[in-house]
Structures are given as structure tokens and as C-alpha cells.
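In what follows, a structure is listed as C-alpha cells, so that the remarks can point back to it.
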2 protein chains.
Amino acid sequence: MAIRETLRNAIIDRRLAPGTKLSESEVGSLFDVSRTVARAALQMLAFEGLVKTERNRGAFVSNPSPEEARQIFASRRLIEPGIVAAAVERITPEDIAKFRRQLDEEQRYLNERGPAARRAEIKASGDFHLMLASVAGNVILQRFMDELVARSSLVIALYGRSGVSSCGHSEHTAVLDALEKGDGERAAKLMIHHIDHIEADLDLQLKQGSGLKDALSLA
Amino acid sequence: MAIRETLRNAIIDRRLAPGTKLSESEVGSLFDVSRTVARAALQMLAFEGLVKTERNRGAFVSNPSPEEARQIFASRRLIEPGIVAAAVERITPEDIAKFRRQLDEEQRYLNERGPAARRAEIKASGDFHLMLASVAGNVILQRFMDELVARSSLVIALYGRSGVSSCGHSEHTAVLDALEKGDGERAAKLMIHHIDHIEADLDLQLKQGSGLKDALSLA
DNA sequence: AACACCAAGATTGCATACGATTTGCCCAAT
DNA sequence: ATTGGGCAAATCGTATGCAATCTTGGTGTT
């Protein structure tokens, strides 16, 4: 199952570009394992929308359409305020401290240069939302968020215009501050604005007609 | 993939009781197919939480704990009002007509006797929520609802006390009426109450200690 | 009589083999 | 020159075989 996690991480921090073909044999030999288990991993990833499989053609890193992107963010706008509301009831001082450390790390990557720092920054800013889902204590919503955050990362890779700083660091700290004060109302509002800002930074013109453009972008 | 759907339906309308063992060989020979494809189907079902697989032991129909049940309904309370809000913007008169027919069918099964009618009633009342998700037009939320409704059916099978009438037919019509009038606010409220009623009908005392009770229920 | 241990049976986990489908290329015909 | 057909290579879909692990029944000892 480690192979699935490895591929997942590679996809969400953009080492694998959308459209990249992931053949079973290739994945299998790369991880030194048979096609059977490689196939299982790809099926999992397909199930959570990170790769798309075409019959008798293979698996490809997902190339979400603008419409899909909109639906992903619509889902997040719906779910994350609920996560925040649940989190404010359960968050402990230890959690707060852990969040602070996480935000410090975000900050650190923000100041560094280079693609490795960019990848780490993306990962870290996504992890903030995931940690929030974790303290909310609902494993089902947590899994939904896992999927949504991962797919968001794909979408940002495709349609983001200002690079990586889209997931504003300061907005994360604002949410956490409200959470620490126990103001769930305000935290939820801030979270919605945060998601709005991420989506606003995207360029979601429908430059994909039906499916022939997929071929273009995967080159 | 038809095999997955068949198993799914068998589980959600309770022909397969929670705890039932689903061995790969058995499923394979039953569908006249090899263990490979049977295994794939079981993996899918495991991924959406309908079956639980134990290493070197096999797959079993899920036996959700009361805590899981609570989380399922908490998730629905969070998501379904959003679904309703989106649906009220997009619902067409044709949709309304289709819903009316669906509700008539619910009613019909409600008046019939026998286990087959009970199963059909459960299926139909779940389908109401799924149709709503469908007109909302967000395929991601639709998939989440697919999973939540299926798992709810399992939970009701395990913890429901008043049998099947839990998913009140009249409440469905009330939601639809509000939707038809374009009153999304009211429809969302009604939906939350509806979910509350379903959950209130459950007996969620934690009567499962660790795992020995699993053996009892699968008997 | 109760407990512990061991062996046989069964079932999953994984790898490999074979058949089917698609793709890309080459060549011929218009 | 372009288009159409056909052949070969590659890749997926599925079946089956073998090894590893767990369960279960029996047996011997305390």
C-alpha cells in the first residue's frame, strides 16, 4: 500500500504532471513488484479521482476540466465550514501548538527558493486543511477532504496563475487564531473566504472542448 | 463492473447481512469469473466502506460501529442541505415530475407487505436522496452521497428499531414541495429534520466491545 | 478435565502466462 | 500527396499456479 501513497504524493506535489501515462508494467517494475499490485494501486487512485483509466489504454494522471475544478471547490465550500465548526468544539491546546508548528513550516518554505521548496509548500498548505479535518474527528469527512485536497492540488497545478502562493499562509493563521479564541462562526467565515481566494486565483476558462484537447495537453 | 453493482445492491437492500463473509473464490464462482475480478470488486466496495477486508482473512460486509453511524449522519447533515440548496437552483419541472413518480413508487411499496416490498422501499427512499444529488449537478458530491446513502442503509439494518419506515415518506414529499415552490431555505431545514428523524429512530448504544460481537452478528 | 501444542485444511497475497484490444507504422492505391 | 488497409508491437484484461498466513481439529501432557 506504500506504493499508492508514493504515487499519490508524487501527483499532489506535481512531480507527475496531469496527463502523464502510468502503465502497469512501468509502475510495477519501478516499485519492483508485479503488475497485479501496481494495478491495485492505480485502481485506488482512479477511485479517488487522481488518475483516470481508459479501457485497454491505461491509467493517466487526471486532467480535471474547469467544470470539475468548480465542483471540487463547491464541495470544499460546503464541507470545510462544517469541519471548522466541528473542530472548534474539539480542538485542544496541544492541537493548537501542532498547528503553529505546521504554519511555521509553511512560512519557512515560503521564504525558500527553488522547486523543491515550492512542492513542500504546496504539500504543507494542503496538510493544514487535512489536519483540521483530523481534529474534527469525523473519519468519513476526513477521507472526503483527503480526496478534495489532493484533487485541488491537481487543479491548482493546471489552472493556477500566481504559481503557488495561492493557498495564502496568512489566511491559515487567521483561521487558526479564530479557532483558538473559540470563535467557530468567524473561523468558518474565514475558511470560506480562503477557499474563495484560492479559486479566484484560478483561470477557469473552458479551454477544453470535449476530449480532443486532452490529447493536446498531454502532448 | 456489473458484479460490483450487484453486490452493492445486495448489501444495501439487506440481502447480505452485515458480517457476512465474502470469499473471493465464492464470489468468483458465483459470478462465473476468476478470483482476480472478484477481488477487484471487493476492493472497490472496501474503498467505499461497504465491506471491510482483513489481511489474510478475507472480506466481510461492513459492521459499522455506532460511532461510525453517528459520523455518517453527521456527514449527511452537513452535505445534504448544500445539495438541496444547489438543487433548488437547477431543478426543472421535468425533474419535479420524475420525483413525483418516484414518491408514488415509495408509497406503493409502503402499502405492500412482505420482505421484497420492504427491500424495494428501502432502495426507493434512498434513491430519493440520490436523485436530489443528481439534480444538484455536482458529480463529486453525488459520489459522496452514493457512499453515504449506501452506508446509511447498512446502519439502519443494524440499529434501526422501527424496521423500515424510518425514512419517512411524508418528509420526502415535504422537501419536494418546498423545492417546487423554490423555497430552498425551507427545503434545507426540512432535509435536516428528516435526517435527524432517521437518526433518532436508531438505537446507537455502544453494544460492541471490540470485535467478538462481530462473530455474534454474523452467526 | 483443562491447557498447550502441532499438523492439516482453507483462504488470501502475489506473480506469471495467455488472450484480446488498441495503436502506430508502412505500403499500396487513388 | 493523401487516404485507406493491414500487419506488428505494446498494453491491458483475465485466469491460474504457488507461497504465505490464518484457522481448526486433534492429540498429548499436566
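When reading the values below, keep in mind they use all heavy atoms of this one structure, side chains included, and skip hydrogens, waters and symmetry mates. In the text below, chain A, chain B and the rest are named by the order of the sequence lines, each starting its count at 1.
With sequence neighbours left out, A:Glu199 forms a side chain to side chain contact (heavy atoms under 4.5 Å, CB included) with A:Arg70, A:Phe73, A:Arg77, A:Leu204.
Of all nucleotides in DNA chain D, those with any atom nearer than 4.0 Å to a heavy atom of chain B start and finish, going 5' to 3', at D:dA15 to D:dT23.
For B:Leu22 and C:dA10, the CG to P distance is 20 Å, given to the nearest whole Å. What separates CG of B:Asn56 from C1' of C:dT12 is a distance of 5 Å, to the nearest Å. Distance, B:Arg35 CZ to C:dA10 P: 14 Å, rounded to whole Å.
Two residues are said to be in side-chain contact when any heavy atoms from C-beta on lie closer than 4.5 Å; B:Asp146 and B:Val149 fail this criterion. Within the 4.5 Å cutoff, the side chain of B:His129 has heavy atoms near those of the B:Met191 side chain. Residues A:Leu148 and B:Ile140 meet the side-chain proximity criterion, which asks for heavy atoms closer than 4.5 Å.
Between B:Arg108 and B:Glu112, at least one side-chain N (NZ, or NE/NH1/NH2) sits under 4.0 Å from a carboxylate O, which counts as a salt bridge. Ion pairing between A:Arg161 and A:Asp203 holds under the 4.0 Å rule for side-chain N and carboxylate O.
Across all strands shown, B:Thr36 has heavy atoms under 4.0 Å from base atoms, whether or not it also approaches the sugar-phosphate. If you check every strand for non-hydrogen atoms under 4.0 Å, B:Thr53 touches nothing. Here B:Arg39 lies in heavy-atom contact (under 4.0 Å) with sugar-phosphate atoms only.
Closest-nucleotide positions on DNA chain C for A:Arg55 and A:Ser34 were compared, and the one nearer the 5' end corresponds to A:Ser34.
For C:dG13, the base has no donor-acceptor partner in the side chain of B:Arg57 [N/O atoms by modelled type, under 3.5 angstrom].
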